[in-house]
Novice: 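Sharing a structure below in C-alpha cells format, with a few things to ask.
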2 protein chains.
Amino acid sequence: MLTERQRLILTAIVDDYISSAEPVGSRSISKRGDVAFSPATIRNEMADLEELGYLEQPHTSAGRIPSQKGYRYYVDHLVRLDDLSPEEVKRLKTMFAEKITAMEQVVQHTSTVLAQLTNYTSIALGPEMFNTSLRHFQLLPLSEDTAVAIIVTSTGHVENKTVPIPPGVSAAELEKVVNILNAKLTGIPLIQLRAQLYTEVGQELKKYVSHAQEMIAMIENVMSGEEVHREVYLSGTTNMLTQPEFKDVDRIKTIWDLLEETPTLIKVVGESPTGIQVRIGQENSHEAIANCSLITATYTYDGQTLGTIGLLGPTRMEYAKVMNLMNQVSGQMALFMKRWSR
Amino acid sequence: MLTERQRLILTAIVDDYISSAEPVGSRSISKRGDVAFSPATIRNEMADLEELGYLEQPHTSAGRIPSQKGYRYYVDHLVRLDDLSPEEVKRLKTMFAEKITAMEQVVQHTSTVLAQLTNYTSIALGPEMFNTSLRHFQLLPLSEDTAVAIIVTSTGHVENKTVPIPPGVSAAELEKVVNILNAKLTGIPLIQLRAQLYTEVGQELKKYVSHAQEMIAMIENVMSGEEVHREVYLSGTTNMLTQPEFKDVDRIKTIWDLLEETPTLIKVVGESPTGIQVRIGQENSHEAIANCSLITATYTYDGQTLGTIGLLGPTRMEYAKVMNLMNQVSGQMALFMKRWSR
DNA sequence: GTTAGCACTCGTTGAGGATGAGTGCTAACG
DNA sequence: CGTTAGCACTCATCCTCAACGAGTGCTAAC
C-alpha cells in the first residue's frame with residue numbers, strides 16, 4: 001500500500017513524464033508546487049517507489065520514469081477523469097448530430113475524430129456481422145455461369161460475393177431458390193445461416209428445386225464465415241511519428257507491419273471485453289506493441305457487442321484525456337445506436 | 001546527344017547507385033569490367049555528364065549520383081527490359097491461375113503480390129464504376145423511414161448506401177419505383193444515370209407514382225457521384241522503411257500523410273494515362289513524393305480504363321525490374337479481364 | 001522526519017585530429 | 001589527340017578526450 005505522499009509523487013512523475021517524455025528529476029517535482037517537499041525528501045520516496053517497482057531509472061544519473069506497473073497503478077487509482085475541453089465536446093456533439101445513415105460510417109467517422117483529437121493512432125473494427133440477422137438475400141446472374149450474391153443484414157450492412165452458378169441451373173430456378181431462402185431465413189442470425197441449410201431449408205430446396213445439392217453447396221460458399229471480411233478502419237497512423245519514442249525507424253516498422261496485417265490486428269484489438277479497457281505495454285497480446293498502450297471501447301447494437309474502437313499510443317499516453325474521451329464517445333455511440341435502431 | 005561511352009557510363013552509374021544507394025566513384029566504375037577505361041577518363045566523362053545535367057555531386061569529394069534528368073534518360077533510352085526471374089514468373093502465373101471471382105479481388109491481390117515482389121509500396125485504385133453500366137437496382141426498406149439502396153454494375157461490383165425514405169411513401173410504392181427504374185435504366189452507363197432521371201424515366205415516375213418529386217430527389221442522392229467511394233488498396237507500406245533514403249522520420253511522415261489522404265492519393269495516382277507510365281521525382285504532381293518515383297499501369301475492361309495500379313519507391317528505383325513486372329502484370333490482367341467478361 | 005551539502009555517475013556536447021574516398025588538374029604517353 | 005598516371009586538395013566520417021551538467025545516494029545537521 002502506498003502512502004498518500006507516495007501516491008502524490010507518483011502522480012506527479014507520471015503526469016510530468018507524459019507531457020515531457022523526459023526522465024523526471026526530484027528537483028523539478030519539488031518545484032511544481034503541488035508536492036511541497038524538498039528534492040531530498042522526494043528523492044527518498046522515489047528510491048522507495050523504484051524498489052516497489054513503480055519507477056525505473058534509465059541510468060544512474062537520470063531522473064525516473066514510470067514502469068509498466070507504475071502506469072497501471074496510475075490508471076487504476078490515480079488518474080482523475082476531468083471534463084473534456086470545450087473543443088472536444090463541440091467536436092463530438094456536431095459529429096453525432098450529423099445525419100449519418102450507415103453504421104459503418106459512424107464507426108469510421110468516430111475513429112477519425114478520435115485520432116484527430118488525441119493525436120494517436122485509432123483502430124476501429126467495423127461491425128461484426130455475425131451478431132446481426134438476415135434482412136434480405138439476393139442472387140443476381142451476371143453472365144451464364146457467374147452470379148453475385150448479396151446479403152443485407154438487419155443493421156443495413158450489405159455484403160456481396162461473386163460465385164459460380166452450378167452448370168445447368170436456369171435463372172428461373174435461381175429465383176425460386178432466392179424466394180425460398182428469403183421466406184425461410186429472414187430474421188435468422190447470420191451465424192446460424194449455414195446450419196439452417198441442412199435442416200428444413202435444405203429439405204424445402206430438395207423438394208422444389210433441381211440441382212439442389214449443388215445449389216446448397218453454392219449458398220454455403222456464399223455464407224462461409226471466413227470469407228465474410230471485417231472492415232478495419234485505421235486513422236492517424238502517422239501521428240505515431242510525432243512521438244519521440246518512435247523516432248526510430250525499426251520500431252515503427254514492427255508496429256506498422258502489425259497494422260498492415262489485418263487478421264492479426266483484428267485479433268489484437270478485437271479480443272477486448274465489453275466496455276473500456278486499457279492495456280499497457282506488455283499487457284498487450286502482441287509484442288510489436290509491447291511498448292505501446294492500447295485503449296479500447298466496444299460498441300453494441302441491440303444488446304450485442306458488434307465491434308471495437310481502439311486508440312494506440314506510447315505507454316506514455318495521456319490516459320486521463322483518452323479515457324475521458326472514450327467514455328464520452330462510448331456513451332454517445334450507445335445512444336446513437338439506440339436512436340438508430342428505433 | 002550523348003556519345004556511346006557517355007551512355008555506357010551513365011548506365012553504369014545509375015545501375016550502381018540503384019543497388020548501392022551510395023554515390024558512385026570513378027574507380028568503382030572502372031573496376032566493373034563493362035567500362036574498360038581508366039578512372040581518370042571516366043572522371044572526365046562524369047564531369048561532362050554533370051555539366052549536361054545528368055549527374056549530381058552531393059559534395060566535392062563524393063562520387064556522383066544520377067539527377068532526375070539522369071534517371072529520365074536512363075528510363076527512356078538505357079534501361080533494358082530483361083526477362084523476369086523464375087520466381088516472379090511462377091508467382092504471377094499461379095496468381096492469375098487462381099479462381100478469382102471478383103474484379104476487386106484481382107486488383108487487390110495483384111497489388112499485394114507486386115508489393116511483395118518488388119519491396120516497394122503499391123497503391124491500387126479499384127475499378128472506377130462510372131465507366132460501367134447498371135446491372136440491377138434495388139431498394140430495401142430497413143425501418144419505417146430508412147432504406148438501403150443497392151446498385152449492381154455490369155462488372156459485378158456492388159455499391160450500397162443507406163438513405164431516408166420520403167415520409168408517406170409505402171413499401172408498395174417503393175417497389176413500383178424500383179421496377180420502373182430497372183426496366184428503364186438497366187444497361188445504362190452509371191455516369192448517365194442521374195441525367196436519365198430527368199428525361200423519360202422522370203416522366204414515367206411522375207405518371208405512375210405519388211411523391212415522385214421526393215422519390216427522384218432520393219434516388220439522385222443514391223446516385224450522386226461524389227458519394228460513390230472508390231476503393232484504394234495499399235500494400236507494402238512498410239517496405240518504404242527499409243530504404244535508406246527514408247531513414248528520416250519526417251520524410252516518411254509527409255509521404256504517409258499522403259497515403260492516408262485517400263482523395264489526394266486517388267488524384268495523384270489516378271491521373272495516369274493508359275498504359276505504363278513512369279514518373280520520376282518532381283514529375284509527380286505532389287511534392288510529398290518529389291523524391292520518389294511512381295510507376296503506374298492501368299487496367300481496362302471492355303475497352304474502358306477502369307483503374308490504376310502503382311508502385312511507389314525512391315527515385316533510386318529498380319526501374320528495369322519494376323517496368324518489366326508491370327508489363328507482364330498489365331498483360332495478364334488484360335487477358336484476365338477478357339476471359340472474365342466472356 | 002526533513003533537509004542541506006557534497007561527492008559521484010554518466011549521458012551529452014563540442015573541439016581537434018586522423019582517415020580515406022573521391023575529385024580536378026597537369027603533364028606525360030602512344 | 002585521346003588516354004592515363006600522378007598528385008595536391010576537399011570534405012564527410014570516425015574517434016578520442018575533456019568539459020559540462022543534470023541528477024543521484026549518502027551523511028550529517030536541523
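Naming convention: chains lettered A, B, ... in sequence-line order (proteins, then strands); numbering from 1 in each chain. Both backbone and side-chain heavy atoms feed into the values below; hydrogens, waters and symmetry mates do not.
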Novice: Of all the choices, D:dT24, C:dT23, D:dG25, which nucleotide is nearest to the side chain of A:Ala47 once you look at every atom?
Specialist: D:dG25
Novice: Across all strands, who's sitting opposite D:dT13 as a Watson-Crick or G-U wobble pair, both distances under 3.5 Å?
Specialist: C:dA18
Novice: Kindly point out which of C:dG11, C:dT23, D:dT24 is positioned nearest to the side chain of A:Met46?
Specialist: D:dT24
Novice: Assess, by modelled atom type and distance only, whether the side chains of A:Glu260 and B:Thr237 contain a donor and an acceptor separated by less than 3.5 Å.
Specialist: yes
Novice: Closer than 3.5 angstrom, by distance alone: can the side chain of B:Ser28 be matched with the main-chain N or O of B:Gly25 as a donor-acceptor pair?
Specialist: yes
Novice: Tell which nucleotide pairs with D:dC26, taking only Watson-Crick or G-U wobble pairs whose two distances are both under 3.5 angstrom.
Specialist: C:dG5
Novice: What is the distance, to the nearest angstrom, from the CD atom on B:Glu51 to the C1' atom on C:dG24?
Specialist: 13 Å
Novice: Using a heavy-atom cut-off of under 4.0 Å over every strand shown, decide if A:Thr60 touches base, sugar-phosphate, or nothing.
Specialist: sugar-phosphate
Novice: Does B:Arg27 put a side-chain nitrogen or oxygen below 4.0 Å from OP1 or OP2 of C:dG20?
Specialist: no
Novice: Give a yes/no answer on whether the side chain of A:Arg43 brings an N or O atom under 4.0 Å of OP1 or OP2 in D:dA22.
Specialist: no
Novice: Which residue, B:Asn44 or B:Gly63, contacts DNA chain C at a nucleotide closer to its 5' end, judged by nearest heavy atom?
Specialist: B:Gly63
Novice: Would A:Thr315 and A:Gln68 count as having a side-chain donor-acceptor pair, cut-off 3.5 Å?
Specialist: no
Novice: Below the 4.0 Å mark, does C:dG24 have OP1 or OP2 next to a side-chain nitrogen or oxygen of B:Arg64?
Specialist: yes
Novice: Give the rounded distance in Å between these two atoms: CG of A:Asp48 and C1' of D:dT24.
Specialist: 14 Å
Novice: Using a cut-off of strictly less than 4.0 Å between a heavy atom of the residue and any atom of DNA chain D, enumerate the qualifying residues of residues 10-23 of chain A by number.
Specialist: none
Novice: For D:dC1, which nucleotide is its Watson-Crick or G-U wobble mate, given both distances must be under 3.5 Å?
Specialist: C:dG30
Novice: Return the 5'-most residue of the pair B:Pro58, B:Ala40 with respect to DNA chain D, ranking by each residue's nearest nucleotide.
Specialist: B:Ala40
Novice: D:dG2 P sits how many Å from B:Glu4 CD, rounded?
Specialist: 18 Å
Novice: Whole Å only: how far is the CD atom of A:Gln57 from the P atom of C:dC10?
Specialist: 10 Å
Novice: Going by an N to O cut-off under 4.0 Å, is there a salt bridge joining B:Arg64 and B:Glu56?
Specialist: no
Novice: For the residue pair B:Arg7 / B:Tyr73, report whether a side-chain donor-acceptor contact shorter than 3.5 Å exists.
Specialist: yes
Novice: Are B:Ser293 and B:Arg316 close enough that a side-chain donor and a side-chain acceptor fall under 3.5 Å?
Specialist: no
Novice: To the nearest 0.5 angstrom, please state how far the CG atom of B:Leu258 sits from the CG atom of B:Leu312.
Specialist: 8.0 Å
Novice: Could you give the CD-to-P distance, from A:Glu45 to C:dT2, as a whole number of Å?
Specialist: 8 Å
Novice: With the side chain of B:His59 defined as its heavy atoms from C-beta on, choose the nearest nucleotide among D:dT3, D:dA12, D:dT24.
Specialist: D:dA12
Novice: Respond yes when some side-chain nitrogen or oxygen of B:Ser61 is under 4.0 Å from OP1 or OP2 of D:dT10, and no when none is.
Specialist: no
Novice: Nearest whole Å is fine: how far is D:dG23 C1' from A:Lys31 NZ?
Specialist: 13 Å
Novice: If you measure from the Lys or Arg side-chain nitrogens to the Asp or Glu carboxylate oxygens, is any gap between A:Arg72 and A:Glu283 under 4.0 Å?
Specialist: yes
Novice: Can you tell me the distance, in whole Å, between the CD1 atom of B:Ile42 and the P atom of D:dA5?
Specialist: 11 Å
